[in-house]
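Below, chain A is the first sequence line, B the second, and so on; all start at residue 1.
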There are 2 protein chains.
Amino acid sequence: MEPIDVFKALSNKTRLNILKWLKEPEKHFPKQGAHLPKEVSYKGGVCVGDIQEKAEASQSTVSHYLTMMQKAGLLESVRYGQWTYYRRNEEAIRQFAEYLKTEI
Amino acid sequence: MEPIDVFKALSNKTRLNILKWLKEPEKHFPKQGAHLPKEVSYKGGVCVGDIQEKAEASQSTVSHYLTMMQKAGLLESVRYGQWTYYRRNEEAIRQFAEYLKTEI
DNA sequence: ATTATATATCGGTTTTTATCGATATGTCAA
DNA sequence: TTGACATATCGATAAAAACCGATATATAAT
């Protein structure tokens, strides 16, 4: 987890919003998990399409954002069928907050 | 203090270094305060020239960096004669770390 | 097999950021 | 008041990021 990459990922309004939205997925993405059979639930995960709809940017842009945030360590993902579900990587985020507090 | 501006300011290696160096000015800037009469000491402040030397970038670039970091709220400055001294704005940095921990 | 759907990747254009040298501004010393 | 120095700002170019539509890939349904 490179701090610089995390700072870059967070220095964009839409990406910052995505991270915040994913704190309360059920609140911001009402139809969350609609495509998932219950036995494969991925807690807190939201599919790209739902995020795109809310973010109001093109499909390719949002896909790119999510990849970038994942590479930075802020998100993790799982693919179920044709959907990719993204959710926060809470442990990495916690570590980053800790890094900021002590090292910066 | 706009979080986005802070993230942008921190998403550059040199700027991030400057912020870290200023945590221990006496360690990283040996001749710190050399131009200052003792009665006007500005605790933790380092002049632009010393920072530039250490940062190994042009004078205009470093000056620009410092201005940007100040606008973001990470630094504060005072002018003494022909020198501008910059130091960390610890309270703002603490607030930002707190924001990150609770809001992000 | 074909079609439909979701997501990822590609290629290109526009916008922003990085970075420098040159110049302006402000201060000090002779 | 002239000259030297520190810093800030300007103007320009180069590099990187943003962003989109088009296309590729993977899965699912018919």
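OP1 and OP2 of dC20(D) both lie 4.0 Å or more from every side-chain N or O belonging to S60(A). Between Y86(B) and dA6(D) there is no side-chain N or O to OP1 or OP2 distance below 4.0 Å.
Listed by residue number, Y65(B) are the residues of residues 65-76 of chain B with a heavy-atom contact under 4.0 Å to DNA chain C.
Put simply, CD1 on I4(B) is 14 Å from C1' on dT16(C), counting in whole angstrom units. Atom NZ in K13(B) sits roughly 12 Å away from atom P in dT19(C) (whole-Å rounding). We find that CD of Q52(B) is positioned 13 Å from C1' of dC5(D), with the value rounded to whole Å. In this entry the distance linking CG of N12(A) with P of dT15(C) reads 16 Å, nearest Å.
Heavy-atom nearest nucleotides on DNA chain C were determined for Q59(B) and for H64(B), and the one closer to the 5' end corresponds to H64(B). The nearest heavy atom of DNA chain D to V48(B) and to T61(A) marks one nucleotide each, and the one closer to the 5' end goes with V48(B).
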Nucleotides 24-30 of chain D: protein proximity per nucleotide (B base, S sugar-phosphate only, - neither; heavy atom, under 4.0 Å)
---BS--
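The cluster map of Ile, Leu, Val, Met, Phe, Trp and Tyr, joined by side-chain heavy atoms under 4.5 Å apart, puts M68(A) and I104(B) in different clusters.
A donor-acceptor contact under 3.5 angstrom links the side chains of T61(B) and S58(B), judged on distance only.
Among the protein residues, T84(A) comes within range of the sugar-phosphate backbone only, with heavy atoms under 4.0 Å from sugar or phosphate atoms but none that close to a base.
Of the candidates D5(A), I93(A), L66(A), I18(A), I93(A) is the only one forming a side-chain contact (heavy atoms from CB on, under 4.5 Å) with L74(A).
Ring-centre distance between Y86(A) and Y65(A): not below the 6.0 Å cut-off.
Under 4.0 Å is where a charged nitrogen must lie from a carboxylate oxygen, and between E103(A) and K20(B) no such pair does. Salt-bridge formation is not detected for the pair E98(A)/K101(A): no Lys NZ or Arg NE/NH1/NH2 atom is positioned less than 4.0 Å from an Asp or Glu carboxylate oxygen.
Of all heavy-atom pairs spanning A9(A) and M69(A), the tightest one is CB-CG, 4.4 Å.
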